[in-house]
Amino acid sequence: MRAFTLAETLITLGIIGVVAAMTIPNLINNYQKRSIETTLKETYSILQQTMKFTEYDDVALEDFPDSPTGVKEWFEKYLQPHLKYSNVCISKAGCWHKSGSTKTLNKKVAVADYKELGLGAGNLTIKLYNGSNICIDGISSAYFRSVLGNVTDASLAIYIDANGDRPPNIIGKDIYVMAYTTSKGIVPAGYGLAPEEIDKNCSASANQENAGYYCLQKVKNNGWEIPNNVWKIK
């Protein structure tokens with residue numbers, strides 16, 4: 001039986017190395033994408049169920065308080081009995097990423113960004129057991145119209161960071177935006193808008209203040225898969 005020469009072995013190893021260098025980054029990238037998609041869908045479902053339970057408690061969500069004390073009392077009364085989590089933070093660090101500002105899809109700092117405190121003044125951030133971070137903020141209807149699109153009767157903005165503390169921390173890639181509305185419950189930002197308007201907001205050419213905010217609606221419409229042209233945005 002003929003043995004391999006040293007030269008043949010080195011050539012084979014070199015070929016294996018080239019193939020690995022070409023395929024492993026793609027495998028890691030695809031794994032990250034699938035992981036975010038799975039966690040996003042799961043967290044969306046968890047929040048829907050939790051909010052549904054609060055309705056049975058006759059919660060007045062339109063009166064969501066914006067002071068740290070009021071937020072704490074509201075959380076303990078309505079969400080805490082129904083939501084399983086590992087940590088909760090009221091206007092303090094510890095439950096949101098520590099990588100600086102949250103960015104929009106066009107690399108701008110997100111509206112009402114408070115860095116590691118979350119998005120919105122007097123917000124509430126939560127770490128779930130599935131590895132995602134949640135930020136809940138009560139804001140005005142005028143703000144909802146300008147940032148969340150066709151969501152005019154909302155009282156809560158809800159942000160899901162599907163991969164928790166890990167980067168890129170970009171709205172539309174790993175952070176997704178929804179609202180709690182008094183008439184329809186939880187809906188993605190941009191709910192009810194024309195598909196072309198959603199596509200314009202969730203694309204590489206998006207230049208709005210809220211670029212990427214409608215990506216949850218786009219992902220949901222796409223069978224809970226992040227479109228590749230969006231995922232490839234650097």
Side-chain angles (χ1 to χ4, degrees), residues 33-52 54-55 61-62 64 79 83 102-106 110-113 118-120 123-126 128 130 132-163 168-204 206 208-231 233:
K33 180 175 179 287
R34 296 287 178 259
S35 179
I36 288 175
E37 291 166 344
T38 300
T39 306
L40 175 63
K41 182 179 180 181
E42 180 184 52
T43 304
Y44 183 84
S45 177
I46 288 171
L47 290 173
Q48 277 193 317
Q49 294 174 26
T50 300
M51 290 301 187
K52 183 62 66 175
T54 65
E55 291 175 5
L61 287 172
E62 66 273 15
F64 186 79
L79 288 191
L83 184 65
T102 295
K103 300 294 183 65
T104 60
L105 206 55
N106 59 353
V111 175
D113 174 69
L119 295 163
N123 63 51
L124 180 148
T125 49
I126 306 166
L128 299 186
N130 66 357
S132 64
N133 295 337
I134 309 297
C135 179
I136 302 177
D137 183 36
I139 49 183
S140 69
S141 59
Y143 175 85
F144 272 98
R145 286 192 293 271
S146 66
V147 178
L148 301 185
N150 192 32
V151 181
T152 59
D153 64 336
S155 56
L156 294 174
I158 304 172
Y159 306 88
I160 299 175
D161 190 339
N163 64 346
N169 301 311
I170 294 174
I171 293 175
K173 293 200 68 173
D174 63 328
I175 297 177
Y176 292 86
V177 190
M178 63 180 74
Y180 183 93
T181 72
T182 52
S183 62
K184 299 183 182 299
I186 284 183
V187 294
Y191 172 83
L193 293 178
E196 54 269 22
E197 192 167 351
I198 293 171
D199 291 342
K200 181 180 178 181
N201 177 274
C202 187
S203 69
Q208 308 96 319
E209 177 186 38
N210 62 342
Y213 278 59
Y214 303 165
C215 284
L216 177 58
Q217 183 68 69
K218 188 167 183 175
V219 170
K220 192 170 181 286
N221 291 345
N222 197 44
W224 291 103
E225 290 187 9
I226 303 170
N228 287 327
N229 61 336
V230 176
W231 180 251
I233 297 173

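Here the structure is a predicted model, which means the values were calculated and not measured.
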Classify the side-chain pair [X]/[Y] by whether it contains a donor and acceptor separated by less than 3.5 Å.
X: Thr43; Y: Ser132; result: yes
X: Asn221; Y: Gln217; result: yes
X: Ser45; Y: Gln49; result: yes

Grab the two heavy atoms, one from [X] and one from [Y], that are nearest each other, plus how far apart they are.
X: Pro227; Y: Val219; answer: CD-CG2, 4.2 Å
X: Val230; Y: Lys173; answer: O-CE, 4.1 Å
X: Asn123; Y: Gly118; answer: ND2-C, 3.6 Å
X: Leu119; Y: Ala110; answer: CD2-CB, 3.9 Å

Exercise for review: List the steps, then state whether side chain to side chain contact (heavy atoms under 4.5 Å, CB included) holds for Met178 with Val187.
Suggested key: CA-CA 6 Å; Met178 63 180 74; Val187 294; over 6 Å; no
[Y] side chain reached by [X] side chain, heavy atoms, under 4.5 Å:
X: Val111; Y: Tyr213; result: yes
X: Tyr176; Y: Tyr44; result: no
X: Thr104; Y: Asn210; result: no
X: Lys33; Y: Asn228; result: yes
X: Asp199; Y: Tyr214; result: no
X: Lys103; Y: Asn169; result: no
X: Asp161; Y: Asn163; result: yes
X: Cys215; Y: Ile171; result: no

Rounded distance [0.5 Å steps], [atom1] in [X] versus [atom2] in [Y]:
X: Leu47; Y: Ile186; atom1: CG; atom2: CD1; value: 5.0 Å
X: Leu105; Y: Asn201; atom1: CG; atom2: CG; value: 8.0 Å
X: Tyr159; Y: Thr102; atom1: OH; atom2: OG1; value: 9.5 Å
X: Met51; Y: Leu83; atom1: CE; atom2: CG; value: 9.0 Å
X: Leu40; Y: Leu216; atom1: CG; atom2: CG; value: 5.5 Å
X: Leu124; Y: Asp137; atom1: CG; atom2: CG; value: 10.0 Å

Exercise for review: Given side chain to side chain contact (heavy atoms under 4.5 Å, CB included), test Trp231 with Ile36 step by step and report yes or no.
Suggested key: CA-CA 11 Å; Trp231 180 251; Ile36 288 175; 3.7 Å; yes
Point to revise | Salt-bridge present (Arg34, Glu37; N to O < 4.0 Å) | key: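 Judged by the 4.0 Å cut-off on N to carboxylate O distance, Arg34 and Glu37 do form a salt bridge.
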Practice item. Show your working on side chain to side chain contact (heavy atoms under 4.5 Å, CB included) between Leu128 and Thr39 and close with a plain yes or no. Key: CA-CA 10 Å; Leu128 299 186; Thr39 306; over 6 Å; no
Exercise for review: Output yes when a side-chain donor or acceptor of Thr38 lies under 3.5 Å from a complementary backbone atom of Ser35, and no otherwise.
Suggested key: no
Review point. Is there a donor-acceptor pair under 3.5 Å between the side chain of Lys218 and the backbone N or O of Cys202?
Key: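 Checking the backbone N and O of Cys202 against the side chain of Lys218, a donor-acceptor pair under 3.5 Å is found.
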Practice item. Give the intermediate values and the outcome of side chain to side chain contact (heavy atoms under 4.5 Å, CB included) for residues Asn133 and Ile126. Key: CA-CA 6 Å; Asn133 295 337; Ile126 306 166; over 6 Å; no
